[in-house]
*Asks:* 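I'd like to ask some things about the structure below.
The first residue of the sequence shown is numbered 1, and numbering continues consecutively from there.
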Amino acid sequence: MNLQPILGNFALILFVAMVITGVIWCLDVFVLSKQRRAKADAALAEYDARHAKLTADGIKLDNGNRAALEAAILRQPTWVEYSGSFFPVIALVFVLRSFLFEPFKIPSSSMVPTLLVGDLILVNKFDYGIRLPIVNKKIVQVGNPQRGDVMVFKYPKDPSQDYIKRVIGVPGDKITYENKRLTVNGQPIEYAPMDDYLDDERPVYHKQFLEKLPNAPHRILNMDSAHTINLGAVEEFPHHENCTYSYDGFTCIVPEGNYFMMGDNRDNSADSRYWGFVPDQNIVGKAVFVWMNFSNLKRIGGIH
């Protein structure tokens with residue numbers, strides 16, 4: 001049995017821990033505590049009877065032993081005490097990260113310069129609808145991803161992995177990428193050159209542009225030495241027939257219920273160009289805030 005998908009699903013681990021500690025807590029509240037109380041009452045009645053008899057015989061006893069006896073019997077077993085302490089904490093964390101915000105760490109450079117390796121981010125879990133934890137099934141419609149959003153999702157080829165990219169195409173869009181320039185629904189996207197970007201991982205400068213996606217302008221990187229697309233890396237994927245590829249680029253029509261994603265580090269990103277569209281059921285949430293980067297505190301702030 002392959003345990004990796006289970007071990008990699010923190011929500012599932014958290015849910016199991018919440019259920020186990022919750023069951024123990026309920027068992028103690030409604031059953032075990034009453035059993036301990038009954039046992040304590042019986043022991044105290046026996047103690048009082050013995051104490052009364054000895055007192056009648058003229059023997060004085062320290063009544064403090066009665067309180068100690070009661071406390072000892074009513075004391076929760078260690079496993080029950082820890083479960084009761086952890087249950088509300090685990091339940092609170094589970095609710096917060098399942099329905100409100102979930103933290104992630106950026107592991108790769110595919111979203112540079114927007115997100116850097118080591119950025120700790122918060123992902124909004126409700127902007128795109130309320131979903132049941134673990135199964136990720138949408139139960140309440142709130143909103144849909146928009147072009148330019150930075151979105152976390154389950155990698156279609158391996159749902160145990162979380163990916164983060166930018167939404168370039170929504171259902172029905174026609175996306176063309178030629179000579180490293182985007183066209184969306186027949187409208188060429190404008191680009192403004194910016195100062196070259198120095199790579200933090202190695203001493204290399206990249207061409208940097210402001211990609212003026214409507215309502216969501218953002219920075220991207222390009223490498224002069226890289227081709228527009230590596231045709232040899234293009235895989236088979238659902239709705240592959242919606243895409244046509246050439247040496248200079250590609251054109252894709254985004255099917256219903258799917259999204260087209262690309263990394264901002266265009267020539268160093270494995271994204272929808274290569275492995276296909278992201279189904280709605282794979283959506284995790286919208287990246288909204290960098291809350292920490294231990295290597296660069298200046299990184300703290302919103303995501304655009």
Side-chain angles (χ1 to χ4, degrees), residues 1-44 67-107 118-142 151-164 278-292 294:
M1 179 180 177
N2 184 10
L3 295 178
Q4 187 59 39
I6 298 176
L7 295 176
N9 190 336
F10 183 68
L12 177 59
I13 296 174
L14 203 61
F15 177 74
V16 171
M18 182 182 71
V19 169
I20 293 175
T21 55
V23 168
I24 293 174
W25 178 81
C26 289
L27 181 65
D28 183 60
V29 170
F30 297 107
V31 179
L32 299 181
S33 63
K34 295 179 180 180
Q35 291 178 350
R36 291 196 301 274
R37 182 71 261 175
K39 184 177 179 181
D41 289 343
L44 291 176
L69 174 64
E70 182 180 22
I73 297 175
L74 292 179
R75 184 180 299 118
Q76 293 176 316
T78 302
W79 60 277
V80 173
E81 181 181 1
Y82 275 93
S83 295
S85 299
F86 286 133
F87 170 62
V89 177
I90 294 174
L92 178 62
V93 171
F94 181 78
V95 170
L96 288 177
R97 75 185 305 276
S98 296
F99 301 108
L100 298 178
F101 294 96
E102 183 174 359
F104 286 89
K105 182 178 181 180
I106 302 301
D119 279 351
L120 301 174
I121 66 172
L122 285 179
V123 173
N124 182 313
K125 299 295 291 287
F126 55 85
D127 261 9
Y128 299 149
I130 306 299
R131 297 171 184 265
L132 289 175
I134 304 173
V135 296
N136 206 38
K137 180 177 177 59
K138 187 185 294 186
I139 55 175
V140 178
Q141 178 66 37
V142 177
M151 188 171 82
V152 174
F153 54 92
K154 299 294 183 182
Y155 177 40
K157 298 283 186 177
D158 180 5
S160 68
Q161 298 185 47
D162 293 307
Y163 270 34
I164 183 167
V278 175
D280 181 81
Q281 61 263 29
N282 285 46
I283 292 175
V284 173
K286 179 181 179 180
V288 294
F289 194 79
V290 177
W291 61 272
M292 180 58 72
F294 293 106

*Asks:* Does a side-chain heavy-atom distance below 4.5 Å link Leu100 with Lys125?
*Replies:*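 When only atoms from C-beta onward are counted, Lys125 and Leu100 do not touch, as no gap falls below 4.5 Å.
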*Asks:* Using a cut-off of 6.0 Å, state whether more than 12 heavy atoms not belonging to Lys157 lie near its atom NZ.
*Replies:* yes
*Asks:* Could you grab the distance from atom CG of Leu96 to atom CD of Glu102, nearest 0.5 Å is fine?
*Replies:*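 Leu96 atom CG to Glu102 atom CD measures 11.0 Å (nearest 0.5 Å).
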*Asks:* When rounded to the nearest 0.5 angstrom, what is the spacing between SG in Cys26 and CG in Leu32?
*Replies:*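 Rounded to the nearest 0.5 Å, the SG-CG separation comes to 11.0 Å.
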*Asks:* Count the heavy atoms of every other residue, nucleotide or ligand shown that sit under 6.0 Å from NZ of Lys138, and state whether that count exceeds 12.
*Replies:*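 Yes, NZ of Lys138 has more than 12 neighbouring heavy atoms, counting only those of other groups under 6.0 Å.
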*Asks:* When you measure from the side chain of Asn136 to the backbone N and O of Gln281, does any donor-acceptor pair fall under 3.5 Å?
*Replies:*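 A pair under 3.5 Å: yes.
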*Asks:* Rounded to the nearest 0.5 Å, how far does CD1 of Ile121 lie from CE of Met292?
*Replies:*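 One gets 14.5 Å once the value is rounded to the nearest 0.5 Å.
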*Asks:* Shortest non-hydrogen contact from Val29 to Lys34?
*Replies:*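 Smallest heavy-atom distance, with atoms named: O-CE, 4.4 Å.
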*Asks:* Of all residues at least two apart in sequence or in a different chain, which pass the ring pair (Phe, Tyr, Trp, His ring centres under 6.0 Å) check with Tyr155?
*Replies:* Tyr163, Trp275
*Asks:* Using a 4.5 Å cut-off on heavy atoms from C-beta on, say whether the side chain of Phe94 contacts that of Pro133.
*Replies:*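 Yes; the side chains approach each other to less than 4.5 Å.
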*Asks:* Determine the minimum heavy-atom distance between Pro103 and Trp291, stating which atoms define it.
*Replies:*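 Nearest pair, atom of Pro103 first, then Trp291: CB-NE1, 4.3 Å.
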*Asks:* My understanding is that only residues two or more places apart in sequence, or in another chain, count here; which of them pass ring pair (Phe, Tyr, Trp, His ring centres under 6.0 Å) with Phe126?
*Replies:*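 For Phe126 the ring pair (Phe, Tyr, Trp, His ring centres under 6.0 Å) partners, ignoring immediate neighbours, are Phe101.
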*Asks:* Could you state the interatomic distance from CG (Leu12) to CD1 (Ile134), rounded to the nearest 0.5 Å?
*Replies:*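 Separation between the atoms: 5.0 Å.
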*Asks:* Quick check against the 3.5 Å criterion: does Thr21 have a side-chain atom that pairs as donor or acceptor with the backbone of Met18?
*Replies:*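 Looks like yes, one N/O pair under 3.5 Å.
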*Asks:* One thing to verify: whether Arg37 and Glu70 come together as a salt bridge, which I'm taking to mean a side-chain N less than 4.0 angstrom from a carboxylate O.
*Replies:* yes
*Asks:* Considering all heavy atoms of both residues, which atom of Ile73 and which atom of Ala43 are nearest to each other, and what is their separation?
*Replies:*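 So the minimum-distance heavy-atom pair works out to CD1-CB, 3.4 Å.
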*Asks:* Answer whether the closest heavy-atom distance between the side chains of Phe104 and Ile164 falls below 4.5 Å.
*Replies:*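 Phe104 vs Ile164: side chains apart.
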*Asks:* Taking it one step at a time, do Phe289 and Asn124 satisfy side-chain contact (heavy atoms from CB on, under 4.5 Å)?
*Replies:* CA-CA 9 Å; Phe289 194 79; Asn124 182 313; over 6 Å; no
*Asks:* Roughly how far apart are Phe99 CZ and Leu132 CG, rounded to 0.5 Å?
*Replies:* 6.5 Å
*Asks:* How long is the gap from NZ on Lys154 to CD1 on Ile283, to the nearest 0.5 Å?
*Replies:*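 Output value for this atom pair is 13.0 Å.
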*Asks:* List, one per line, each side-chain donor-acceptor pair under 3.5 Å for residues 74-93, sequence neighbours excluded.
*Replies:*
{"from": "Gln76", "atom 1": "NE2", "to": "Asp28", "atom 2": "OD2", "distance (Å)": "2.8"}
{"from": "Ser83", "atom 1": "OG", "to": "Trp79", "atom 2": "O", "distance (Å)": "2.8"}
{"from": "Ser85", "atom 1": "OG", "to": "Glu81", "atom 2": "O", "distance (Å)": "3.0"}

